Enquirer: 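Below: one structure in structure tokens.
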Protein chains: 2
Amino acid sequence: MRIAELSRQSGVPVPTIKYYLREALLPPGELTSPNQASYGEVHLRRLRLIRALVDLGQVPIARVKEILEGLDSDSMTLHEQIGRAHRAITPTRTPTATTDARTAATQQVNDLIARRDWTVEPDAPALTTLIETVAALRSLDQDHLVAFLDSYADAIEKFTALEVAAVTERTSPDQIAESVVIGTILGETLISSLRLLAQESISAARWRG
Amino acid sequence: MRIAELSRQSGVPVPTIKYYLREALLPPGELTSPNQASYGEVHLRRLRLIRALVDLGQVPIARVKEILEGLDSDSMTLHEQIGRAHRAITPTRTPTATTDARTAATQQVNDLIARRDWTVEPDAPALTTLIETVAALRSLDQDHLVAFLDSYADAIEKFTALEVAAVTERTSPDQIAESVVIGTILGETLISSLRLLAQESISAARWRG
DNA sequence: CGTGATGGATAGTAGCAGTATCCATTAATG
DNA sequence: CATTAATGGATACTGCTACTATCCATCACG
């Protein structure tokens, strides 16, 4: 398969494929002559993964690259790969809340984690986001939402465990890393759109017209 | 309060505040003389809301503007305001999946909605995202995740109902719209970070070292 | 043998979210 | 009251991201 065909099958424009090749998101095709390369199923698959992460998962190209490097290296534990996926979808944040709002929020989050018996490294990317979000909600007088943290955590804990179990059971070892990454990122998109649909449905019933 | 003080209290640089004023995200201060305006609590509050939506909710400035216009107009029903918030966090998507992958996914999503008795308008922004995500998951051989749709929906339905109840009960009528918008957008950030923490915790227990 | 596609390199673009600069005033301070 | 600093408002510039566009020497194919 040459580049035009790869473009046709994937729906990605040729210049964009060239760009991904330049950025090494996509491995080079096999050169059959100095200016002729052939691409295979691997490239098509990879291209689909890239587009899913970029379009659906809103992951920046640079982060996609890091994730793919993780998938391609066999010296990384699954836990490390998951860490990469997490970092990819968690923008690095400069703390914005005032100091004491943040210590209060930190306290609350740490309590939650302790209650749940979660093992979380203190520099986990999602931790800062959670703390900042709690602080922001309080500063916006929305403490009632913060009060839901435990209900949210209950529900989330349940299906996360199911997810992990399903992936480990139904996926061959060499595919697990990819499955976990996809599950982490596209799973979020899935959950988010389901939530919006549920909200719309409830809101329509309650406040339409 | 003049601009320097507003900047100090909010942590937002003066040029950025000027930018928000230009873009009409922030209402102008009350002019006390041709080049002197005074800002109040309203501005501080609004500024906090903007930063929360932008930094935590990852909402583009243009969308924030639409949301705020919604909040400021009293001729919009709550349902319409929620629609705005939803549109603000759902990037408009050019369908990317192949035609038959999309009809299959559409079928599956419609079945789900019917099973759940949800009322969803056919042009709901989240609907396209959900369909495209399902299609993408299948094309990436991750059907097992799609099989979780119902478990996800179960959990989500439950806490969404709780959320809506809490907001309507504990918020005064003129604050409901704002609460709903914040709940929709920052709630998502909250859920997402909780999920990542839960995942990290489970993954650490299972695959660490 | 001529037309069109290809790989590779380099340059250019659009959109977003601010920053920077300037200026004519006005406020604050000594 | 004179000087210094801050302000509102307008306009211009910047850095970043994710592509597009162009060019060219080389191939493939009819």
Side-chain angles (χ1 to χ4, degrees), chain A residues 1-40 43 46-47 49-68 88-89 91-94 96, chain B residues 1-40 43 46-47 49-68 88-89 91-94 96:
Chain A
M1 178 168 29
R2 282 175 314 175
I3 204 168
E5 179 64 11
L6 184 61
S7 165
R8 210 190 51 70
Q9 286 201 38
S10 62
V12 178
V14 173
T16 305
I17 296 179
K18 283 186 171 187
Y19 166 63
Y20 291 158
L21 286 166
R22 273 203 304 285
E23 296 293 312
L25 297 188
L26 210 65
E30 197 191 343
L31 279 178
T32 60
S33 65
N35 73 334
Q36 219 64 191
S38 96
Y39 305 91
H43 297 89
R46 186 45 64 96
L47 218 34
L49 178 55
I50 295 171
R51 296 313 297 207
L53 297 181
V54 168
D55 292 344
L56 267 3
Q58 309 219 79
V59 179
I61 292 287
R63 295 310 176 121
V64 171
K65 186 176 178 185
E66 289 172 21
I67 294 176
L68 297 177
I89 53 176
T92 42
R93 282 177 206 301
T94 327
T96 220
Chain B
M1 176 169 31
R2 283 176 313 176
I3 204 167
E5 179 64 10
L6 184 61
S7 165
R8 211 191 48 71
Q9 285 200 38
S10 62
V12 179
V14 172
T16 305
I17 296 180
K18 285 186 170 187
Y19 166 63
Y20 290 160
L21 287 167
R22 274 203 304 285
E23 296 292 313
L25 296 187
L26 219 93
E30 197 191 343
L31 279 179
T32 60
S33 64
N35 73 333
Q36 218 65 191
S38 97
Y39 306 91
H43 297 88
R46 185 48 62 95
L47 217 35
L49 178 54
I50 295 171
R51 295 312 299 207
L53 297 182
V54 168
D55 292 344
L56 267 2
Q58 308 219 79
V59 180
I61 291 288
R63 294 313 177 119
V64 172
K65 187 177 176 185
E66 289 173 21
I67 293 175
L68 297 178
I89 53 175
T92 42
R93 278 175 211 302
T94 326
T96 220

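Just so it is clear, the structure is predicted and the values come from calculations on it, not from any experiment.
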Enquirer: Checking B:Pro60 now: which residues fulfil side chain to side chain contact (heavy atoms under 4.5 Å, CB included) with it, not counting sequence neighbours?
Expert: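 Partners of B:Pro60 under the side chain to side chain contact (heavy atoms under 4.5 Å, CB included) test: B:Arg63.
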Enquirer: Could you check how far CD1 of A:Ile3 sits from P of C:dT6, rounded to whole Å?
Expert: 7 Å
Enquirer: So, using side chain to side chain contact (heavy atoms under 4.5 Å, CB included) as the criterion, who are the partners of B:Ser33 when residues are at least two apart?
Expert: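 Scan of B:Ser33 (side chain to side chain contact (heavy atoms under 4.5 Å, CB included), adjacent residues dropped) gives B:Asn35, B:Gln36.
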Enquirer: In residues 8-33 of chain B, what residues come within less than 4.0 Å of DNA chain D, judged by heavy atoms?
Expert: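 Those residues whose heavy atoms fall under 4.0 Å from DNA chain D, taken from residues 8-33 of chain B in numerical order, are B:Lys18, B:Arg22, B:Leu31.
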Enquirer: In residues 10-18 of chain A, what donor-acceptor pairs under 3.5 Å come from side-chain atoms, sequence neighbours left out?
Expert:
unit_1	atom_1	unit_2	atom_2	d
A:Ser10	OG	A:Leu6	O	2.7
A:Ser10	OG	A:Ser7	O	3.4
A:Ser10	OG	A:Val12	N	3.2

Enquirer: Based on Watson-Crick and G-U pairs with both distances under 3.5 Å, what dot-bracket line describes DNA chain C 5' to 3', crossing pairs as [ ] and inter-strand pairs as |?
Expert: ||||||||||||||||||||||||||||||
Enquirer: In chain order, what residues pass the side chain to side chain contact (heavy atoms under 4.5 Å, CB included) check against A:Pro28, with sequence neighbours excluded?
Expert: none
Enquirer: Send over the distance from A:Glu5 CD to D:dA28 C1', rounded to a whole Å.
Expert: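 Distance, rounded to whole Å: 16 Å.
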Enquirer: What is the distance from CD of A:Gln36 to P of C:dG4, rounded to the nearest Å?
Expert: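 It is 16 Å, rounded to the nearest whole Å.
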Enquirer: Mind jotting down which residue pairs meet the salt bridge (charged side-chain N to carboxylate O under 4.0 Å, His left out) criterion with at least one end in residues 19-36 of chain A? Sequence neighbours excluded, please.
Expert: none
Enquirer: Salt bridge (charged side-chain N to carboxylate O under 4.0 Å, His left out): which pairs involve residues 2-15 of chain A, sequence neighbours left out?
Expert: A:Glu5-A:Arg8
Enquirer: Kindly write out the residues that satisfy side chain to side chain donor-acceptor pair (under 3.5 Å) with A:Tyr20, not counting sequence neighbours, or none if the list is empty.
Expert: A:Arg51
Enquirer: To the nearest angstrom, how far is B:Met1 atom CE from D:dT7 atom C1'?
Expert: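 Atom CE in B:Met1 sits about 15 Å away from atom C1' in D:dT7.
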Enquirer: Could you check how far CG of B:Asn35 sits from C1' of D:dA6, rounded to whole Å?
Expert: 9 Å
Enquirer: What's the CD1-P distance between B:Ile61 and C:dT19, to the nearest Å?
Expert: 11 Å
Enquirer: Do any N or O atoms from the side chain of A:Arg46 and from the backbone of A:Leu68 form a donor-acceptor pair under 3.5 angstrom?
Expert: no
Enquirer: Find which nucleotide of DNA chain C each of B:Arg2 and B:Pro60 is nearest to by heavy atoms, and output the residue with the more 5' nucleotide.
Expert: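 With B:Arg2 and B:Pro60 compared, the 5'-side residue is B:Pro60.
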